[in-house]
Amino acid sequence: EVTPDWYTPTRLNLNAMQAGQPLPATAGALLNYTLQASHGGDAPNALGSTQMLSWFGPAGLLQLTTALRSVNSSPAALGSSVDKKFIRLGTTFLRDDPEHLTTWSVGDAVLQAGTGVPGVRYGGITWQSNFGLNPAFSTLETPTLFDSARLPSTLEFFLNDRRVGAPVMVAPGPFEITGLPTVGVNGMVNVLIRDALNNERLIAVPYLHTASLYRQGLHGFSYTAGLLRPDLDQYATPFLASSHRWGITRLWTLDAGAAVSAHQSSAGAGATTALFGDVIGNLHLAVSHAPSGAGQKLGTSAQWQDSRASMGASYSHASSGFELLGDATQAANRPRDELRVFAARALGRALGSFSISLGSLSDWSGHTRGISSIGWSKSVGSANVSLGAVHTAGNTLLQFMVNLPLERRAYGSASVQKQGQNLSARTDYTTAPVTGKGLAWRLGLAANDSDGTQERTRASAGMDMRSDFGEHGLDVVNSATGVAW
């Protein structure tokens with residue numbers, strides 16, 4: 001008898017990237033700009049503009065982003081004055097390497113945050129992974145089927161009792177099919193195997209699909225050398241930084257990072273894994289050293305999610321001396337303990353969905369702030385109704401909202417809020433958003449019974465227009481303090 005092991009194995013990847021080369025970039029330039037003008041009652045008139053000029057070609061992309069602000073003060077005894085300020089927001093040169101999925105950047109950017117590495121503004125040079133250069137590339141682990149067939153067979157895939165994708169033919173012998181189709185965070189892919197004699201068997205392949213885990217063998221990295229940019233017109237401390245992420249196995253992903261300057265240094269490492277079932281756990285530790293002393297921060301989290309519910313918790317503790325690159329916060333105001341717990345559940349079409357969250361944040365000055373929220377929403381016909389409450393610092397905010405889609409893709413909403421003794425209400429109407437050339441309108445009316453404000457009522461109207469000359473908009477607000485546009 002001939003067994004499947006006698007045949008050559010078949011290996012297929014249903015998510016295999018298509019071979020090909022990106023089209024060469026031709027030289028050119030692009031200017032994006034915005035112009036803004038505002039006026040409100042006795043407030044000074046303000047003019048603003050932002051510009052982004054891009055030059056691109058085979059060598060890469062050079063971007064220059066600037067802003068101009070002009071404020072005309074109200075006339076006074078000595079006459080009006082105009083405060084003008086030109087700001088260079090950033091200058092950056094980017095060069096992509098689609099073959100290796102990496103990008104070089106030189107100029108102004110924000111440091112890629114990681115374990116032990118803060119997300120701060122800087123000017124310098126960076127080499128980092130850029131998986132987004134290939135739209136077909138995925139960092140997620142996908143389920144794999146290992147089996148064998150005695151005869152030529154056809155494989156069909158089912159998710160939630162619905163067939164997905166196209167059938168796959170396999171030759172007799174062992175086969176390995178990777179990149180099975182998935183939906184949601186976790187679940188089961190059912191594979192129906194039918195051979196040439198019409199014999200059928202069904203195999204269930206469980207999967208866990210989460211961005212918290214890199215697929216096995218994948219490595220993401222970032223290397224940076226530059227100067228901190230505490231203000232838009234200032235470059236200060238030189239530093240070096242690097243962060244990494246490795247997919248060690250299908251169920252383990254490791255993180256590491258470090259940042260070093262003349263006066264501050266920090267490093268950290270973390271691990272993410274599937275603890276049991278579909279629960280994703282994370283543990284990370286970071287240490288720092290600065291003139292004020294050494295510090296540590298330890299954090300952990302766990303999260304579970306399926307197609308109908310999710311829940312999780314996270315906790316972190318930092319010593320008073322923990323200080324990341326560019327951190328100028330006084331020790332007494334630095335975070336000490338942070339706790340968050342959340343849960344959400346879809347209760348079905350008749351009951352809607354429910355969510356709740358609890359959180360607490362304390363610093364080394366002894367101040368603790370708690371925040372909790374609860375919410376419920378349900379579809380009633382074509383409308384959506386929601387109730388919510390948020391409690392923090394001794395205040396509770398209650399909100400009721402109704403969203404209603406209208407004809408021709410228009411949209412209407414109404415809400416009522418109550419906080420303490422204050423009660424407010426608002427209603428809005430919006431026409432279909434502009435996707436091509438055309439015109440869209442917005443109308444709003446708000447009312448407030450608070451004794452601490454003169455604006456008992458406020459009416460607003462807005463217009464958006466898109467044409468060959470660009471995008472244009474106008475907003476007008478009428479209240480007790482005057483008309484603003």
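All heavy atoms count here, side chains included; hydrogens, waters and symmetry mates do not. Small disclaimer: the values here were computed from a predicted structure and weren't measured.
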Problem - Q51 and T66 side chains, donor-acceptor separation under 3.5 Å - result: yes

Do [X] and [Y] have side chains that get closer than 4.5 Å, going by heavy atoms?
{"X": "I371", "Y": "V390", "result": "yes"}
{"X": "V416", "Y": "L398", "result": "no"}
{"X": "T144", "Y": "R250", "result": "yes"}
{"X": "L361", "Y": "P335", "result": "yes"}
{"X": "F322", "Y": "S266", "result": "no"}
{"X": "Q417", "Y": "Q419", "result": "no"}
{"X": "R426", "Y": "S460", "result": "yes"}
{"X": "R334", "Y": "D327", "result": "yes"}

Practice task
Please find out if less than 6.0 Å separates the ring center of W441 from that of Y429.
Solution key: no

Handout entry: Aromatic centroids of H263 and F239 separated by under 6.0 Å
Key = no

Under 3.5 Å, side chain of [X] to main-chain N/O of [Y], donor-acceptor pair present?
{"X": "D363", "Y": "S365", "result": "yes"}
{"X": "S301", "Y": "S314", "result": "no"}
{"X": "Q264", "Y": "L324", "result": "yes"}
{"X": "D449", "Y": "L423", "result": "yes"}
{"X": "S386", "Y": "W376", "result": "no"}
{"X": "T273", "Y": "L251", "result": "yes"}
{"X": "S129", "Y": "F221", "result": "yes"}
{"X": "H289", "Y": "G293", "result": "no"}
{"X": "W364", "Y": "G321", "result": "no"}
{"X": "T368", "Y": "S362", "result": "no"}

Looking at every non-hydrogen atom in both residues, tell me the closest pair between [X] and [Y] and how far apart they are.
{"X": "P230", "Y": "R121", "value": "O-NH2, 3.1 Å"}
{"X": "G370", "Y": "T392", "value": "O-OG1, 3.1 Å"}
{"X": "L101", "Y": "F131", "value": "CD1-CD2, 4.0 Å"}
{"X": "L325", "Y": "A259", "value": "CD2-CB, 4.2 Å"}
{"X": "R215", "Y": "S138", "value": "NH1-O, 2.8 Å"}
{"X": "D97", "Y": "L133", "value": "O-CD1, 3.8 Å"}

Exercise for the section: Please name the residue in the list N282, T253, T210 that meets the side-chain hydrogen bond (donor to acceptor under 3.5 Å, both in side chains) test with T272. Expected result: N282

Problem - Criterion side-chain hydrogen bond (donor to acceptor under 3.5 Å, both in side chains) on T126 and T224, from CA distance to verdict - result: CA-CA 4 Å; T126 294; T224 300; 2.9 Å; yes

Exercise for the section: Could you go through the side chain to side chain contact (heavy atoms under 4.5 Å, CB included) check for Y223 and L240 one step at a time? Expected result: CA-CA 8 Å; Y223 297 96; L240 298 173; over 6 Å; no

Handout entry: Test log, rule side chain to side chain contact (heavy atoms under 4.5 Å, CB included), inputs Y214 and H219
Key = CA-CA 8 Å; Y214 262 16; H219 175 214; over 6 Å; no

Would you say that more than 12 heavy atoms from the other residues, nucleotides or ligands in this model lie under 6.0 Å from the [atom1] of [X], or not?
{"X": "F400", "atom1": "CZ", "value": "yes"}
{"X": "M401", "atom1": "CE", "value": "yes"}
{"X": "Q421", "atom1": "CD", "value": "no"}
{"X": "W55", "atom1": "CH2", "value": "yes"}
{"X": "R369", "atom1": "CZ", "value": "no"}

Problem - Cation-pi check, R95 onto W104 ring (under 6.0 Å, within 45° of axis) - result: no

Exercise for the section: Kindly indicate, with the supporting measurements, whether the criterion side chain to side chain contact (heavy atoms under 4.5 Å, CB included) is fulfilled by F137 and L218. Expected result: CA-CA 11 Å; F137 189 88; L218 185 62; 3.6 Å; yes

Handout entry: From CA spacing to verdict: side-chain hydrogen bond (donor to acceptor under 3.5 Å, both in side chains), Q63, T92
Key = CA-CA 5 Å; Q63 291 183 325; T92 308; 5.7 Å; no

Exercise for the section: Please list, chain by chain and in numerical order, all residues satisfying salt bridge (charged side-chain N to carboxylate O under 4.0 Å, His left out) with R88, sequence neighbours excluded. Expected result: D108

To the nearest 0.5 Å, what is the distance between [atom1] on [X] and [atom2] on [Y]?
{"X": "W127", "Y": "T103", "atom1": "CH2", "atom2": "OG1", "result": "11.0 Å"}
{"X": "L351", "Y": "K378", "atom1": "CG", "atom2": "NZ", "result": "8.0 Å"}
{"X": "L61", "Y": "S105", "atom1": "CG", "atom2": "OG", "result": "11.0 Å"}
{"X": "L285", "Y": "K297", "atom1": "CG", "atom2": "NZ", "result": "11.0 Å"}

Exercise for the section: List the steps and the verdict of side chain to side chain contact (heavy atoms under 4.5 Å, CB included) for R442 and D475. Expected result: CA-CA 9 Å; R442 301 182 302 277; D475 287 284; 2.4 Å; yes

